[in-house]
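Please read the structure below before turning to the comments.
Keep in mind it's a predicted model, so treat the numbers as computed, not measured.
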Amino acid sequence: MTDIEANIHQAVDLCEDVHADPDATPADAREESLASAGLEGVAPPWRVAEALEVLRRRINALAPNRSIASDGGIGDAAHRTRASDHNPWVTDGGKGIVTARDFTHSPQTGCDAGVIAEALRASRDSRIKYIIWNRRICASEPRDGQAAWAWRPYGGKNPHDHHVHISVQPIKALYDDPRPWALSSVTALPPPVALTSAGPEVEIAAIAAAADQLTQLTPLLQRLTDLKDSPDQAVADQASILLSRYLTLTRPAPEPQTPPAAAETFTLEALADAYRRLFQTCQTRPEWAGQVAWHRKKLLAFKSRYEPLAQQTRIPWFVIGAIHALEGSFDFTTHLHNGDPLSARTVRVPAGRPATGSPPFTWEQSALDALTRQQLTGLADWSLPATLYRLERYNGFGSRRQGINTPYLWSFSTHYLKGKFVRDHVYDPEAISKQCGAALMIKALADSGDITVTL
């Protein structure tokens, strides 16, 4: 295996597939890497994970004449600004480790990327982090109510229909594991014979089965919110119960309040530059791209419901919407304080809200109380730093004392990996947030031209 792999991979969310020769010499690869990066002869050393090199050699052995037009390892200079395992972000012995590889889909030369994707998915190999192929992605761990290894839609700009993307775990014992891969063929089987004499009932049954499979690809939160709006009241009632339970299990626990000694450190003035830098550099992780896009669509769908409250409080509508997504999963039958049902005062922290009036409360009554209690109403400055500061303060600054970026803002982004408060005052460094961070929602709206943010 060479130390400098021979391809410059385009970013995973670009539409182009521009790669160099994966079997070039180390010197050629270094020169190409430097030329692409524009670093004038200076580049940190890097290599591709050994497990992926073993996989490449296996595929080459099975398809010796395969095309490598869309093969890829390390990303080019433009790629480094994006979230991808093609960037050597893992380090080992002073070298960066590229933990992703692309393999070209070229059935005509004996290499079908779909066969590779399905064989590796079926193998459940512990080295695999996730696989992207032909507008679908599967991860080796459960995602938002979906089972591990289940295919779900992939929303990145690059549909990955010219190559299959394989990412391995960022753990040395796994990414450098030289075990053979469970891959016996990379050639597609002949297509099944079409049913020419099947009646309409058989075809309808097949369509129903396919629809059920598509439903399973939809993240659980999306399924529950859609079912809650069902015209069938019995379905809507049951979905409401399930959504309430889901919210209880996934809602971010309030982070401990900032002690007086640290309060002076956690000021808008002290954190403003960091907020700008994080926002400008954050990217959506590929496995969560579809979820972030869904949150943007929900925010826009409910914009007309948020705007009257925004005018009353002088809070931007999308800030109210982001809080609603995080605290209530877009459910207008819950308190904006913490997602408790509007049929009674809040039970969880903050308990007993709203303090005035009688339940059941309207969503607007509760939301006004929550926003007023957090001292968010009537403020003039809603620049990006002020917005992110107030959103983080809404949930608490506890993550900062744990040395991580709060998932309340940055979950689903490149600025967050793991760690969260699982219940009041209980922090789990291995727990992973299953909710889209508020900063990601705002960035999705801004990037699409739906809103304008002031840095």
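Listed by chain and number, the residues in a ring pair (Phe, Tyr, Trp, His ring centres under 6.0 Å) with Tyr427 are Phe421 (sequence neighbours excluded). By the salt bridge (charged side-chain N to carboxylate O under 4.0 Å, His left out) test, Arg124 is found to be paired with no residue, residues two or more places apart in sequence or in another chain being considered. Residues satisfying the ring pair (Phe, Tyr, Trp, His ring centres under 6.0 Å) test with Trp294, not counting sequence neighbours, are Phe330. Not counting sequence neighbours, the partners of Phe412 by the ring pair (Phe, Tyr, Trp, His ring centres under 6.0 Å) test are Trp288. Under the side chain to side chain donor-acceptor pair (under 3.5 Å) criterion, Ser383 pairs with Asp381, sequence neighbours left out. Residues that satisfy the salt bridge (charged side-chain N to carboxylate O under 4.0 Å, His left out) test with Lys172, not counting sequence neighbours, are Asp92, Asp176. The salt bridge (charged side-chain N to carboxylate O under 4.0 Å, His left out) test applied to Arg390 returns no partner, not counting sequence neighbours. Scanning for ring pair (Phe, Tyr, Trp, His ring centres under 6.0 Å) contacts around His335 gives His337, Phe361, with sequence neighbours left out. Every residue two or more places apart in sequence or in another chain that forms a salt bridge (charged side-chain N to carboxylate O under 4.0 Å, His left out) with Arg135 is listed here: Asp161. For Gln435, there are no side chain to side chain donor-acceptor pair (under 3.5 Å) partners at least two apart in sequence or on another chain.
With hydrogens and angles ignored, the 3.5 Å screen pairs no side-chain donor or acceptor of Ser240 with any backbone N or O of Ala236. Not a single donor-acceptor pair under 3.5 Å links the side chain of Asn87 to the backbone N or O of Trp89. Not one N or O on the side chain of His324 forms a donor-acceptor pair closer than 3.5 Å with the backbone of Ala322. The closest donor-acceptor contact from the side chain of Arg127 to the backbone of Ala51 lies at 3.5 Å or more, if one exists at all. With hydrogens and angles ignored, the 3.5 Å screen pairs no side-chain donor or acceptor of Ser244 with any backbone N or O of Ile241. Counting only distance, with no hydrogens or angles, the side chain of Asn338 and the backbone of Arg348 share a donor-acceptor pair below 3.5 Å. With hydrogens and angles disregarded, a donor-acceptor distance shorter than 3.5 Å links the side chain of Ser185 to the backbone of Thr187. Although no hydrogens or angles enter the test, the distance criterion places no donor-acceptor pair under 3.5 Å between the side chain of His165 and the main chain of Ala100. Side-chain N or O atoms of Gln283 include none that pairs as donor or acceptor with a backbone N or O of Thr414 at under 3.5 Å.
For the 3.5 Å distance criterion, the side chains of His415 and Thr281 qualify, holding a donor opposite an acceptor. Side-chain N/O atoms of Asp237 and Gln233 include a donor and acceptor closer than 3.5 Å.
Considering only heavy atoms from C-beta on, Glu307 stays 4.5 Å or farther from Ile320 through its side chain. Looking at heavy atoms from C-beta onward, Leu300 lies out of side-chain contact with Lys297 at the 4.5 angstrom threshold. Residues Leu243 and Leu221 are in side-chain contact: their nearest non-hydrogen atoms beyond the backbone lie under 4.5 Å apart. You'll find the side chain of Phe318 stays beyond 4.5 Å of the side chain of Leu299, heavy atoms only. Counting heavy atoms from C-beta on, the side chains of Arg47 and Ile97 come closer than 4.5 Å. The shortest side-chain heavy-atom distance between Ile59 and Cys111 falls under the 4.5 Å cut-off. Side-chain contact between Ile323 and Val319 is present, with heavy atoms from C-beta onward closer than 4.5 Å. Contact annotation: the side chain of Tyr175 never approaches that of Glu50 to less than 4.5 Å [non-hydrogen atoms, C-beta and beyond].
In plain terms, the two heavy atoms of Val90 and Pro170 that are nearest each other are CG2-CB, 3.7 Å. Taking each heavy atom of Ser184 and Leu62 in turn, the nearest pair found is O-CD2, 3.6 Å. Nearest heavy-atom pair across Gly419 and Tyr416 is O-OH, 2.9 Å. In plain terms, the two heavy atoms of Leu388 and Ala439 that are nearest each other are CD2-CB, 4.0 Å. Residues Ile116 and Val164 share a closest heavy-atom pair of CG2-CG1, 4.2 Å. Here the closest non-hydrogen pair linking His105 and Ala113 is ND1-N, 3.0 Å.
Checked against the 6.0 Å centroid threshold, Phe266 and Tyr389 do not count as a close aromatic pair.
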Please test Asp428 against Lys418 for salt bridge (charged side-chain N to carboxylate O under 4.0 Å, His left out), starting from the C-alpha separation and ending with a verdict.
CA-CA 9 Å; Asp428 184 347; Lys418 60 183 179 179; over 6 Å; no
Yes or no on side chain to side chain contact (heavy atoms under 4.5 Å, CB included) for Ser67 and His163, after CA distance, side-chain angles and deciding distance?
CA-CA 11 Å; Ser67 169; His163 61 253; over 6 Å; no
Between Glu392 and Ser399, does a side-chain hydrogen bond (donor to acceptor under 3.5 Å, both in side chains) hold up when you go through it step by step?
CA-CA 10 Å; Glu392 182 171 2; Ser399 289; over 6 Å; no
Give the intermediate values and the outcome of salt bridge (charged side-chain N to carboxylate O under 4.0 Å, His left out) for residues Lys129 and Glu141.
CA-CA 8 Å; Lys129 180 180 176 184; Glu141 62 179 30; over 6 Å; no
May I have the step-by-step check of side chain to side chain contact (heavy atoms under 4.5 Å, CB included) for Ser140 and Trp149, ending in yes or no?
CA-CA 5 Å; Ser140 59; Trp149 303 104; 3.4 Å; yes
From CA spacing to verdict: side chain to side chain contact (heavy atoms under 4.5 Å, CB included), Ile442, Leu391:
CA-CA 11 Å; Ile442 293 172; Leu391 283 168; 3.9 Å; yes
Under the side-chain hydrogen bond (donor to acceptor under 3.5 Å, both in side chains) criterion, do Ser433 and Ser411 qualify, and how do the steps go?
CA-CA 6 Å; Ser433 171; Ser411 180; 3.1 Å; yes
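Using cut-offs of 30° and 60° for the angle between ring planes, the Tyr394 and Tyr408 rings count as parallel.
The pair Arg66-Asp71 meets the salt-bridge criterion, with a side-chain N (NZ, NE, NH1 or NH2) lying under 4.0 Å from an Asp/Glu carboxylate O. We find that Asp226 and Arg223 are not joined by a salt bridge, their nearest charged nitrogen and carboxylate oxygen being 4.0 Å or further apart.
Annotation: the span from Asp112 atom CG to Phe103 atom CZ amounts to 14.5 Å, rounded to 0.5 Å.
Remark: Arg57 is not positioned above the aromatic ring of Trp181, lacking an NZ or CZ atom under 6.0 angstrom from the ring centre and at most 45 degrees off the axis.
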Enumerate donor-acceptor pairs with a distance under 3.5 Å from any side-chain N or O in residues 445-455 to protein atoms, sequence neighbours excluded.
{"unit_1": "Ser448", "atom_1": "OG", "unit_2": "Arg296", "atom_2": "NE", "d": "3.3"}
{"unit_1": "Ser448", "atom_1": "OG", "unit_2": "Ala444", "atom_2": "O", "d": "3.0"}
{"unit_1": "Asp450", "atom_1": "OD1", "unit_2": "Arg296", "atom_2": "NH2", "d": "3.4"}
{"unit_1": "Asp450", "atom_1": "OD2", "unit_2": "Arg296", "atom_2": "NE", "d": "2.6"}
{"unit_1": "Asp450", "atom_1": "OD2", "unit_2": "Arg296", "atom_2": "NH2", "d": "3.2"}

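Residue pairs meeting the salt bridge (Lys or Arg N to Asp or Glu O under 4.0 Å) criterion with at least one partner in residues 321-336, sequence neighbours excluded, are Lys228-Asp331, Arg251-Glu327.
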